[in-house]
Amino acid sequence: MPLPLFILFSALTLGFAVAVIANRNPVTAALCLVVSFVGLAALFIGLSAFFIGIVQILVYAGAVMVLFLFIIMLMDIEEEERKHFDRLRTAGGIAVGIGVAFLIGGVLWDFDYGKASLDDVPVQFEAAITLREADADSGIVRSANATAALREGRLKDVALVGEKLFNDYNLHLQMIAVLILIATIGVVTLGKKDSPAPDSGSSGGDKASES
Amino acid sequence: MSPALLLLLPLLSVVVIFFGTKWSGTLSALVSVASVAGSLGVTLALFSTDSSMVAMNWIALGDVLQVDIGLRWDRLARGMMFVVTLVGTLVHVFSLAYMREDEAKARYFGCLSLFMFSMTGIVLADNLVMMFIFWELVGVSSYLLIGHWFTKASAADAAKKAFITNRIGDFGFLIGILMLFGLTGTVSFTGLENWLAGGHAGASAGLLTAAALCLFCGAVGKSAQAPLHVWLPDAMEGPTPVSALIHAATMVAAGVFMLVRVGFLIEASETAGLVIAWVGGFTALLAALMATQQDDIKKILAYSTLSQLGYMVMVVGLGSGEAAMFHLYTHAFFKALLFLGAGAIIYACHHEQNIWKMGGLKTRMPITFAAFGIGTLALIAFPFTSGFFSKEAILDIALHENKLLFLIAAGVAFLTAFYMSRLLVVTFLGAPRSEHAGHAKEVSVIMFVPLLILAFLSVVAGYKPVAELLQAQLPDVHWNWFVFFVSLATMLAGAGLGFLRYLDKRSEPKVIPVLANKFYFDEAYGWAVRNLQDGLAWVVRGLDALFIDGLAVGGITRLTEGVGCLFRRVITGNLQAYSYLFGVGVFVLIYFTVFLR
Amino acid sequence: MIIRRSALVILMCLEIMLSAANLALVAFSRFRLEAGLPDYDGQMLVFFVITVAAAEVAVGLAIVVALFRSRRTIDVTTLTSMSH
Amino acid sequence: MDLGLIISSAVKIIGFVFLMLMPMIAYIIWVERRFLAIIQDRIGPNRVGIPWTNVGLFGLGQPIADGLKSFLKEDFTPGHVNKFYYVIAPALVMVPALLTCAVLPFGRDLVLPFLDEPIRLVIADLDIGPIWIFAIASLGVYGIVLAGWASNSKYPFLGGVRATSQMISYEISLGLSIIPVLLLFQHLNLNDIVRYQSEHGWLLLPMWGDGWSVQRWLYLIPAGVAFIIFVVSMFAETNRTPFDLPECETELVAGYHTEYGSMKFAMFFMGEYAAMIIGSGLAVTLFLGGWSLPFGLDALVLGVFSDTWFSWVPALLSTGIFFLKIVCFMLFFIWVRGTLPRFRYDQLMKLGWIIFFEAALANIFIAAGILMFA
């Protein structure tokens, strides 16, 4: 990712994330968060994690935030009234924030990768292809499609992710599926309690398919 | 065919009855009878085989503890199994008639099957742990059967009493098993035998004696030896066939059987043998004395059982398991016969159990009288009945081993003849002393056929060829004219005295309070429990209030309360405060894990 | 999260925090090559985080809605009934 | 990032979006009006032709007139609205609709005699084509929901809420329905998918290349079901009749754009049609061979023109075919609109959640089973 774009998207992500916290209007906050997420997705894509980036948009921006907006609008939440901030509390929050930032900065300072740029670690197609061929010889299932794409010098992200997901993380995937099912049931139950609320019930489940 | 089938058949019956045919008493009864008859068939079919098998490795704690579920099918087991299944079958058949009108027939037969299963387990067990498990199962089924009419307070109490008394003995048994395991590292009989044969390394004679006596505790409980004999007479509250099966022929004999199984241990320790022999002799005498003054027909038989079991235990203690098993075997037949006969009488007299309200039944129930008479003759060791042979063997061994015990045994023989003739005279001869007795009728064929079979066996079972055929243990004794004459004399004296004293009497001519009140055992136990237990409880309660409640529970409560009070300040219920603290926590965590490493 | 009082906004802030972790994970996965390719193990974790977060938001929002129905407010400073 | 790429991308964007898509949107509206009129036995707009002459041209000037009207109308903003979101909402509908077309391949690789490498006739040749479209299309919800909310008025709000739940509900069946397609092609790159179909038979017309296999014919079952679900969900996604509940006049006046007028309204209008075109494009690409000719004629055409000065002809031809297919699809859209009555809202939700969701899931299993065992 070229540096200007990186700066642009980082600024977008960070700036709108700050705006989420700073805004008192919940609708604005939610929309700022959407923009922030889109920026984040762009950063993901810049890190050649296409699939994760798109999923980020699809799930977060497309579904989760819509839900948020939905709830905000349904409940007709008004702006938080401007309260006098508790000085002590604010000061404490800022102190912790600065402290954590300081810690993370310290970690980065000591961390080699922290100073590396993306060009220092290019994707090594040759090595990858050799390894995959060796794997194929020893009977490990690899996506032929992805290998072919690697030969063309393309990083077929989705195929590689899928390969990993269904080979190494199959059990986890199923567990997640069960978790989502449980969440769906829980949401429907929660939403049903007082009066039939079709919106929260039906919209609660839609992540099941998208993820 | 394998001995495992013997275990599976009654188990299957239990499962079928409790999960399937519970709704139908008749069906359950048929299932149960079929299973026990099948067991008898299998036992007979397996008479010529001799095998041990390990069905599965059950518990394996490394090399330390190995417990198998294994079966041991030797002559001892075969003979015992024959007794159990035969008497069991006859009792089941008898029960068909006796329990015909009972409401909880399905439960009754289910419990009978459960008992058969547990008893089979004891007989076939090839290690102490397995035996203990079935031992407890026997206790449970006995509890259920004694308390069959649990709506009757006395039956429920009797069931509890039997269970609790047994528990005391079982506790000793468990300690004995653990001691043996600690000494030898094995719980299987074979392993223990090998260990003893190899010079019982690492165990002093005292430890060995203690272990043997602990095992004996189990037998004391189960075989109702003094001082834990009190449950057996009370257990007569259960249905009479149950008394015949469990409390005369099989379950109480399990204690003796167990002692014979671990006979090699008792042989190894002279002291233990002596103690066991004296306990047995003492019990025999005590029970015989008590039997002379009882009015309840079943209680008389119960005390008689106690006394006979005392014989067996005594002779085990004297080192002859064969004689004990031989007596067990003959006793099973004639005592089952007597109990079933008593059951028939009770049934005919509309559940009247007091012998002083019977009388004159000889003419009204001739078949029962004949069978009962044969049983009595066998019990009092009338020459050339089965009981005669086994008692002869016991007296012979007692004469050789311990003269004092021989005297006691002879006295018991006299008393036996006395109280049995009393029973016979009062019940069958003379004139009816109550309306029920006057209207008694001979019982149905389904009831007296078992009686006749048992009567036949009571006569012939003692002869050597029959005993050989039926796989009984035969003691190695020689004909001894002295013993014969002593036996004959005591028997004739006792029987004669009984006849003279009780013929045509309308009530007990002379009441001896000590004997009639069973030496005040129950009262003594009651007093002991009341005072000692309450005293102990008082002390324990004090300790509990002081330490457990005051310090442990109360202290923890107060500590928790105090700490809670402290931390409640933090729990504001405010999400933001929590997240703030969370942030601080993250800060500290990172600081300590990353920077202070 | 500490300053804002609306439960909804707090949920959003939670998402931001998760996203930050995701970004770190993806970055590490790209920088730490495995067999010449980005280390997809990291991306797997991100994938799962996103999935679980979606479920979490659904449940969280349902709770917020239920809360709003019964209390008519989602201001967390007034929702302190857990303290007693 | 070399200059050539930027230039070609810019050319492609301008060519595809502004020279093809936008006019198409404009004229599709005219086509719709004419077509509906024919269905309803009317004449439709037929007068606007060349200004100040009497040449009617079947009313072909109508879109231009409409556009002018929208531009020139007073840009009135009601007083009770939330200004910022009111203004931004139409753009939020329009932008995602146009963004999605970035991954749609609209023609065969353009081979220009004077260039070394062929130019791919797709704006962004991403390996995640369909997901990209769904992701971006799902952002289109914001425009509608904000429009409804910012209008600060009853009917638009209800319309917006309806549209939102409808769209997020049908996104699921939409996403699930194409999985059988992806299972078969094993590509997420739309260009690869189309090339595969060009060589091995369209998904719904497997009659050349590998298409004659038993597997492919068996696969027509899940493919057909997927196609039906996809198309119906597409109707719901674009709020078209019979699923136009968010804007149904009888209940909600005009739904979420009740308070909008002039060019802002036109943006909503165009956004909707753009979404329709993109949706048809995706359906054509996935199920009906995209820019390819049927029966393996592609190879023939390619053979004739390759290595000549006319090597660019196949590319242009394929682009024409692609748009032809889209137009046919759009006519189908209009035809349905003229034929079917509107659903009830609970029926709509039931259809989405109970029938299509389950059917799509079952369809995936069937498809996987066929791929595995046939």
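The figures here come from the full heavy-atom set of this structure, side chains too, leaving out hydrogens, waters and symmetry mates.
- Classification of the Tyr169(A)-Phe48(C) ring pair by plane angle, with boundaries at 30° and 60°, yields tilted.
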Extract all donor-acceptor atom pairs below 3.5 Å that involve side chains of residues 17-29 of chain C and protein atoms in other chains or at least two apart in sequence.
residue	atom	partner	partner atom	Å
Ser19(C)	OG	Glu15(C)	O	2.8
Ser29(C)	OG	Val26(C)	O	3.2
Ser29(C)	OG	Gln43(C)	NE2	3.4

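- In this structure, chain C has heavy atoms under 4.5 Å from both the backbone and the side chain of Leu173(A).
- Of all the heavy atoms in Leu69(A) and Ala30(A), the pair that sits closest is CD2-CB, 4.1 Å.
- Both the backbone and the side chain of Met12(C) come within less than 4.5 Å of a heavy atom in chain A.
- Note that the CZ atom of Phe9(A) and the CZ atom of Phe44(A) stand 13.5 Å from one another [nearest 0.5 Å].
- For the set Leu179(A), Asp168(A), Val161(A), the entry with the most heavy-atom pairs within less than 4.5 Å of chain C is Val161(A).
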Leu31(A) and Val35(A): CA distance, side-chain angles, deciding distance, side-chain contact (heavy atoms from CB on, under 4.5 Å) verdict = CA-CA 6 Å; Leu31(A) 286 172; Val35(A) 178; 5.7 Å; no
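- In terms of heavy-atom pairs under 4.5 angstrom with chain C, the leader among Gly186(A), Gly53(A), Ala49(A) is Ala49(A).
- For a residue to count as touching a neighbouring chain, one of its non-hydrogen atoms must lie under 4.5 Å from one of that chain's; by this rule Leu165(A) touches chain C with backbone and side chain alike.
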